[in-house]
Amino acid sequence: MAPKPSLNEQQQQAVEHIGSPLLVLAGAGTGKTRVITEKIAWLIRKAKVDAKNIAAITFTNKAAREMKQRASDILSSDEAKGLTVSTFHTLGLTIIRKEYKHLGYKAGFTIFDAQDSSTIIKELTFSEAVADNDDGSENDDDIRWIISRWKNDFVSIDKAFEIATTAHEVRAAKLYRSYQRQLKAYNAIDFDDLILLPLQLFKEKPEVLKEWQNKFRFLLVDEYQDTNVCQYELVKLLTGLRKELTVVGDDDQSIYAWRGAKPENIAQLQTDYPNLKVVKLEQNYRSTSLILESANALIANNDHLFEKKLWSSLGEGEKIRIIPCKSADHEVETVIGEIMKYNFRDKAKYQDMAILYRSNYQSRLFERYLRSNNIAYKLSGGTSFFERAEVKDILAYLRLIVNTSDDAAFLRVINTPKRSIGASTLEKLGNYANERQISLFAASQEMGFAQRVSGKAAALVQSFIFWLNDLIVSSHESKPHALVERIVTEIAYEDWLKNICSSDKQAEQRMANVYEIIDWTRRLYEDGEGKETIAEIIAHMCLMDLLERNQEEEEDNAISLMTMHTAKGLEFPYVFLIGIEEEILPHANSMEEDGLDEERRLAYVGITRAKQHLTITYANVRNKYGEKISCEPSRFLEELPEQNCEWADRVVVSPEQMQATSQSYIANLQAMLED
DNA sequence: CTTCATACTTGCCGG
DNA sequence: AAGTATGAAG
């Protein structure tokens with residue numbers, strides 16, 4: 001890494017402020033991560049704070065990893081010893097793992113992902129539908145969202161009933177209550193609980209809070225505009241009276257309102273801490289002026305909590321190129337043509353380029369064309385490693401072994417691979433477990449249940465349970481990865497995969513993922529770090545799942561494909577924003593009130609990713625569900641200063657491009673035939 | 001009672 | 001395109 005220039009005055013101020021809460025308003029590209037890491041170093045070296053009393057909190061594992069890395073670049077390992085750099089959710093898990101007894105949980109609790117939560121809610125709405133004789137299956141996911149929002153907003157169940165106005169919301173409140181009960185019964189917590197439970201605990205048990213306040217005497221929070229109500233409350237409680245709190249944020253980059261983020265938390269600080277010190281970082285070290293000015297002009301259309309003017313000394317730079325395209329295919333060809341042109345003419349590296357879009361599905365066409373043109377790319381998002389069926393299957397076995405109350409895991413596992421235990425047997429099992437208020441696992445070993453089903457079904461369930469119990473026993477003695485291997489072998493998982501996969505290649509790939517888990521388990525076990533038990537390994541993996549959707553193997557010199565959401569915090573010399581059309585950005589469902597502002601901020605985030613070259617494209621015609629629909633360029637394009645943009649009205653196709661296009665066309669046909 | 005095959009429907013915001 | 005409803009066969 002090149003030697004860093006010294007900090008500017010504002011950055012220095014932020015680093016050295018101590019004694020009262022500090023808000024750093026850090027615009028895009030103003031070096032906020034650097035301020036945090038330098039501040040950590042300053043606290044340790046100059047203010048003589050013990051590293052173990054400092055906690056830096058981020059939102060993603062990636063940000064945490066980067067920050068840890070950068071801190072250890074500055075500090076010796078001795079100085080950094082005991083420093084906490086973690087995500088909100090990992091911190092929550094750390095707290096829960098230590099204090100779960102106060103919360104009424106048992107050891108080996110499971111972390112549910114969205115799918116598991118959905119499963120519970122489906123079960124609940126199903127029994128409800130039976131009782132009310134109405135079919136409520138269609139908005140299960142909607143209900144899950146409402147509940148999640150309440151939890152993020154620190155709305156208790158009682159409060160939810162109070163504020164519920166529509167019948168739908170009242171129903172959601174009822175399900176909220178049963179959902180929470182169910183989680184407890186399964187000895188499980190969901191993603192939102194990772195924040196909510198520590199918060200509840202701290203509110204109820206001041207003596208526990210005090211211990212944690214004593215541990216974390218200096219708090220630093222990154223991406224503060226993304227905090228939700230619970231996260232803010234948690235920060236406030238941990239900060240306590242000592243008030244050594246530094247938060248860094250930018251309300252213009254608040255793009256997570258949909259998952260409960262409250263950018264107002266920034267303004268709230270001033271109310272909550274009258275002696276709040278505010279430092280603005282306005283010098284942008286990333287983009288050239290025309291790009292930055294355009295971003296400023298765009299975001300000026302939003303209301304602001306704090307005014308700030310970003311400026312850059314990197315020179316005027318290139319204009320933003322805006323290229324209208326005839327169709328989606330034309331758009332892909334145009335962008336790839338531009339990419340090859342930059343690569344050929346300017347010797348630009350693919351790793352310096354990014355294609356950014358609003359929604360994940362927009363990557364599909366690009367992937368296909370890039371592949372057929374032999375351009376390496378890395379895709380962030382989509383189905384992550386942990387969302388793959390084979391990974392979830394294996395993890396479900398482990399979850400069940402660690403926590404037999406985990407009905408979601410039980411249901412996933414019981415017929416994967418098929419054990420000839422079908423829907424009606426499971427229905428009876430579910431009913432029995434429900435009546436007795438016990439887990440499916442417990443129910444399946446009871447005589448009462450066996451009597452209700454046919455002898456054959458009972459025997460099948462018995463043998464499964466017998467096998468599981470044996471696993472549970474051996475889980476205490478064998479090494480975690482040996483246990484996983486044993487499971488994979490004994491369920492003949494490879495055969496099962498071959499069976500359900502259409503091609504051998506696919507089965508192989510999926511089996512490779514299974515080996516990856518085994519390997520991972522071994523590594524976690526051998527690395528120790530308190531993750532040696534299966535329960536801890538599972539918890540670790542669940543968190544990876546929840547926070548690490550974008551982990552991709554690092555490929556050399558590959559072009560990046562990701563959503564604008566994912567791109568936040570990153571920068572690239574060459575950026576392509578694609579599909580910048582009405583209904584896409586701004587998204588069709590975000591046209592009302594604040595929705596539009598957030599879409600504008602998203603566009604702002606996209607634009608400010610670019611260092612020197614920004615290209616924006618849109619198509620006039622697109623296929624949707626097989627039908628052709630016409631598209632309008634995004635309204636945000638009109639908000640960019642005209643003199644900063646260069647519109648390509650006619651697309652000039654170069655001979656190379658023509659050739660590339662026809663090549664890609666042929667390759668494309670081949671790719672389609674393969675699929 | 002379970003499983004497999006086939007046809008049909010709903011669907012693409014974002015972590 | 002992926003989940004799911006349906007029906008026939010084991």
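The sequence lines fix the lettering, A, B, ..., with proteins before strands; numbering per chain opens at 1.
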**OP:** With DNA chain B as reference, determine whether A:A457 or A:I255 sits nearer its 5' end, using the nearest nucleotide of each.
**Re:**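 This one resolves to A:A457.
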Original post:
Between A:T563 and A:K428, which is nearer to the 5' end of DNA chain B once each is assigned its nearest nucleotide?
Top reply: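 Residue closer to the 5' terminus by nearest nucleotide: A:K428.
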Gap between atoms [atom1] and [atom2], on [X] and [N] respectively (whole Å):
{"X": "A:Q362", "N": "B:dG14", "atom1": "CD", "atom2": "C1'", "result": "12 Å"}
{"X": "A:M564", "N": "B:dC12", "atom1": "CE", "atom2": "P", "result": "20 Å"}
{"X": "A:L379", "N": "B:dG14", "atom1": "CG", "atom2": "P", "result": "12 Å"}
{"X": "A:L356", "N": "B:dG14", "atom1": "CG", "atom2": "C1'", "result": "14 Å"}
{"X": "A:L596", "N": "B:dG14", "atom1": "CG", "atom2": "P", "result": "18 Å"}

Subject >> Aro-ring/base stack A:F59-B:dG15, d under 5.5 Å, angle under 30° >> reply: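 A:F59 vs B:dG15: stacking no.
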Original post:
Can A:E331 and A:T617 be counted as having a side-chain donor-acceptor contact under 3.5 angstrom?
Top reply: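 Distance-only check passes for A:E331 and A:T617.
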Original post:
Do we see a donor-acceptor contact under 3.5 Å between the side chains of A:D251 and A:Q225?
Top reply: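 There is no such pair between these side chains.
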Original post:
Is the Lys NZ or Arg CZ of A:R259 less than 6.0 Å from the centre of A:Y256's six-membered ring, within 45° of the axis?
Top reply: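 Yes; both conditions hold, so A:R259 lies above the ring face of A:Y256.
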Original post:
Out of B:dC13, B:dG15, B:dT3, which has the shortest distance to the side chain of A:S420?
Top reply: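 Nearest listed nucleotide: B:dT3.
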**OP:** For A:K568, report the nucleic acid contact type (base, sugar-phosphate, nothing); a contact means any heavy atom under 4.0 Å.
**Re:**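 Since no nucleic acid heavy atom lies under 4.0 Å of A:K568, the category is nothing.
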Original post:
Which part of the nucleic acid does A:K624 contact within heavy-atom distance under 4.0 Å: base, sugar-phosphate only, or nothing?
Top reply: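 Contact class for A:K624: none.
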Original post:
NZ of A:K428 to CD of A:Q451: how many Å apart, nearest 0.5 Å?
Top reply: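 The CD atom of A:Q451 is 13.5 Å from NZ of A:K428, to the nearest 0.5 Å.
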